Number of protein chains: 2
Amino acid sequence: MAEATLQSQTRADEAFDCLQTAIVTGELAPGEKIGEVELCSRFNLTRGPLREALGRLESRGLLVRRPHAGVKVVSVSAAELLELYRIREVMEGLAARQAAERMTDEEIAELQATLDSHERMIEQAQGQAYYQAEGDYDFHHRIATGSRNAKLAQMLLGDLYYMVRMYRYRLSTSAGRPHLALREHRRIVEAIAQRDGELAEFLMKRHINAARINIEKKIEEGVLTI
Amino acid sequence: MAEATLQSQTRADEAFDCLQTAIVTGELAPGEKIGEVELCSRFNLTRGPLREALGRLESRGLLVRRPHAGVKVVSVSAAELLELYRIREVMEGLAARQAAERMTDEEIAELQATLDSHERMIEQAQGQAYYQAEGDYDFHHRIATGSRNAKLAQMLLGDLYYMVRMYRYRLSTSAGRPHLALREHRRIVEAIAQRDGELAEFLMKRHINAARINIEKKIEEGVLTI
DNA sequence: TCAGGGTTTTTTGTTGACAATAATAGGGTC
DNA sequence: GACCCTATTATTGTCAACAAAAAACCCTGA
């Protein structure tokens, strides 16, 4: 149960955080229509801050709102999820290139340490797809911020990842190919460490493309119904 | 003076539109700190809907808000503007590729007609940088929607373009190279008409890169201080 | 039994008043 | 004269009541 987490600066922020995590974790299912008073009682809020948070979430595309007709959590179709990966491919490719040019040596060392930690996690928690997904998220997060491109990081972290994570929680994207994904991550970090932006971009694009194809395959197999 | 435009469905939508256009047109200058009551009286709103709109604008990065300290229009530095163009390069490249694959023949014909209209505008309104910029916006708008990638179009039209347009209004990006830009546009449409997605992506990326270099040059010359 | 229209009810949109917080200005002290 | 502390003030954050709109329901008539 996603709680209010660290004390938010304002009630609206709190509402925003609560709702966002509730949507991402699936506590609020896609397609679910939900009234404002219901939400208020569930998260201990009043309607003022709630509505402000709803506005933010709507503009981020996590929920849709028809005037006088209530809010409803967005339901992303399989096709739309694949489109999201197309966007990730080019944006994270750029992030990797800029990260290679701009990350500090210290940040790169931390990134490598992160991968070591992921490796241990994969060995230990064999099959614990959840933690693998979190590790994957951590990796991409670091590269996005390492790009030193504030808007790029904002769009990736604030927009795309939340939508992708919505599905991570129920389909565990990289499941079935954790070692493969880790090897791809290592290659990308290697390119970044060598300050080879062009290669880092190429490898990142290929990495995300592989993830997309993996999902596409699962959908075709009928394993994954969205 | 951009007015409330088509009747908004709700007061909050109205507030959102008003503020957004006010920021884009420079009616609300970057860096300007402005109180809520001031905004209310200026746009004939009450604070409820206003605050909802402020939340949306904040999450889009058009303004920043410190608790109990008021809102302030975001001011993008020259370096950040150039970073925006890096993002545009990869995202619009993708949009062009997908547009080449997915636009209908009719849409392509309309796109070509749009360019003809732009050509006439350039000849007639020689130096009217404003209309040229609008024409440029129209072109990119059509390709973004033509990509049939809802999220991509949303991010481009809802996020990036507003920030770029903020500066269009005072520096008229493509000024000095309208004929050149038009020729680049024509080549891109040609590639789309031939359903050559790879080429369309390449040309679009080069087109935006050229625009970025143009701005960079102006900044170095000191013509453009941001 | 089904369709249409009107009424009720629920839910959202809006408003203005109240409370809390931070910026500011003033006074006192070093 | 400069600095710090305090009190004021203005502004934001929050709340609960009111108004409007849409959805649901029921009743009537064919």
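Values in this document were obtained by computation on a predicted structure and should not be read as measured data.
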Review point. What is the distance, rounded to the nearest whole Å, between atom CZ of Arg11(B) and atom P of dA19(D)?
Key: 16 Å
Review point. Is the phosphate of dT12(C), meaning OP1 or OP2, less than 4.0 Å from a side-chain N or O of Thr10(B)?
Key: no
Practice item. Taking only Lys NZ, Arg NE, NH1 and NH2, and the carboxylate oxygens of Asp or Glu, determine whether Arg51(A) and Glu36(A) approach each other closer than 4.0 Å. Key: yes
Practice item. For the pair Arg86(A) and Glu101(B), find out whether any cationic side-chain nitrogen is under 4.0 Å from an anionic carboxylate oxygen. Key: no
**Study point:** Derivation and outcome, salt bridge (charged side-chain N to carboxylate O under 4.0 Å, His left out), residues Arg165(B) and Asp136(B)
**Key:** CA-CA 11 Å; Arg165(B) 285 220 291 176; Asp136(B) 189 59; over 6 Å; no
Revision key, fill the gap. Arg65(B) CZ to dT11(D) C1', in whole Å, measures 13 Å
**Study point:** Stretch residues 41-60 of chain B: residues that reach within less than 4.0 Å of DNA chain D through a heavy atom
**Key:** Arg47(B), Arg51(B)
Revision key, fill the gap. In terms of heavy-atom contacts, Pro49(A) and Thr46(A) come closest through CD-OG1, 3.3 Å
Check your understanding: Charged N to carboxylate O below 4.0 Å: is that the case for Arg56(B) and Asp13(B)?
Key -> yes
Exercise for review: Find the distance Glu36(B):CD to dG16(C):P and express it as a whole number of Å.
Suggested key: 15 Å
Practice item. To the nearest Å, give me how far apart CG (Asp13(A)) and C1' (dT14(D)) are. Key: 13 Å
Check your understanding: When you check the gap from the basic side-chain N to the acidic O, do Arg11(A) and Glu14(A) get nearer than 4.0 Å?
Key -> yes
Point to revise | Rounded interatomic separation in angstrom, taking CG from Leu39(A) and C1' from dT11(C) | key: 12 Å
Point to revise | Heavy-atom neighbours of Arg66(B) CZ exceed 12 at 6.0 Å | key: no
Protein-nucleic acid N or O pairs under 3.5 Å, nucleotides 20-23 of chain C:
residue	atom	partner	partner atom	Å
dA23(C)	OP1	Arg66(B)	NH2	3.1

Check your understanding: Between Glu52(B) and Arg65(A), is the closest basic N to carboxylate O distance under 4.0 Å?
Key -> yes
